[in-house]
Amino acid sequence: MGILDSGIRNVRNVLRYTIGSGSLDRLPELVDSSGARERGRVVYFVDDYFSSGSDLPSRLGVEATDQLEFVDTKFEPSTDAVDVLAERVKTASSQPVGAIVGTGGGSAMDVAKAVANLLTNPGRAADYQGWDLVREPAIYKIAVPTLSGTGAEATRTCVMTNKRTGLKLGMNSDFTVYDQIVMDPDLTASVPRNQYFYTGMDAYIHCMEALSGHYRNAIGDAFSRETLALCRQVFLEGDMMSALNRERLMVGSYLGGCAIATSYVGVVHPFSAGLSVVLGVKHCVANCIVMRAMAPFYGSLFDEFWQMVQAQSVEVPKGVCANLASEQYDQLYSATVIHEKPLANALGEDYRLVLTRERVEAIFRAM
Ligand SMILES: [Fe+2]
């Protein structure tokens with residue numbers, strides 16, 4: 001197996017990061033020092049979780065000529081929703097956009113990335129779903145993660161679902177990578193416990209899938225190993241939401257995102273995508289539901305995952321696929337086996353011999 005078989009042979013990471021309690025207060029200064037205000041206005045995309053009862057929007061340093069948009073994160077981003085937001089930014093003012101700030105979980109950070117690409121490249125979001133289709137550098141952008149685990153702050157993609165084609169695929173491009181990230185572990189203190197766990201586990205699951213796969217990369221492996229080590233500390237040593245563990249998980253999320261850039265996922269993510277596409281289950285909780293049926297594929301990692309669930313007293317939904325119609329199992333099968341690269345990474349090129357229609361249905365029923 002070759003090195004860097006993801007097709008990415010020269011890897012770009014986030015240019016700058018700052019980390020530590022209270023680092024959100026440095027955001028206005030970082031916006032200024034980037035030259036954003038000489039270039040134009042600043043557009044802030046904020047997870048609508050913070051639209052009421054939170055002081056976060058008032059701490060961002062939004063000025064009168066800037067634009068603040070709350071991002072609906074009830075559902076995962078669609079290409080249509082991204083197009084609407086991009087249009088709203090283009091028509092809000094004749095002043096150019098000097099910087100974009102994405103604040104929130106994976107969905108809000110991904111929407112900000114997608115709009116930053118669309119402001120400098122013609123057409124619609126769906127035109128750029130794929131690999132290296134973005135032609136012009138994006139608007140300068142900063143991420144402020146308020147949830148840890150997806151790694152969206154570090155990755156070169158922004159996941160979007162195209163409702164017409166059913167395609168869940170991002171704009172994989174070096175231009176999608178953030179220029180600056182601000183990691184303030186204070187921001188994850190008020191996340192509901194179950195959600196904190198599900199999202200954090202996205203990092204653990206990405207890296208256990210990558211390290212169990214056939215296609216590997218020396219630097220990606222190192223990022224993955226450190227991410228797993230941090231996750232073990234966070235979820236097996238005391239309260240996962242202590243100040244120390246929130247900082248560790250923020251680092252794990254970032255490093256896990258760096259790991260994804262050079263590796264593939266495995267069996268969990270394709271099944272999880274099936275749950276998202278067919279039943280509308282959100283990504284991170286879907287991963288955890290899939291873990292119920294992963295003992296045959298991930299043995300000791302499966303055991304460790306459930307130890308973590310127990311140690312943190314969190315709940316993973318059960319039985320979501322127990323009694324579906326036969327055509328829904330057909331859809332789940334199709335939406336799972338379509339993910340050729342990760343499944344070949346985990347099970348080899350002949351993965352369809354392992355994951356037969358019957359076996360896939362049995363796996364979904366076991367969740
Ligand atoms: Fe994921």
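If you read the sequence from its start, that first residue is 1, and numbering goes on from there. If you're wondering where the values come from, they're calculated on a predicted model, not measured in any experiment. Whatever order the structure lists them in is the order used to number ligands and atoms, beginning at 1.
N287 and S272 share a donor-acceptor pair across their side chains, judged by distance under 3.5 Å alone.
None of the N, O or S atoms belonging to C284 lies under 2.8 Å away from the Fe ion (ligand 1).
With the Fe ion (ligand 1) as vertex, H283 NE2 and H269 NE2 subtend 100°, rounded to 10°.
Salt-bridge annotation for D80 and K163: absent, with no side-chain N of the basic residue lying under 4.0 Å from a carboxylate O of the acidic one.
Nearest N/O/S atom of D202 with respect to the Fe ion (ligand 1) is recorded as OD1.
Relative orientation of the F235 and F197 rings is perpendicular, given thresholds of 30° and 60° on the angle between their planes. Relative ring orientation between Y254 and Y17 is described as tilted, the plane-to-plane angle lying within the 30° to 60° band.
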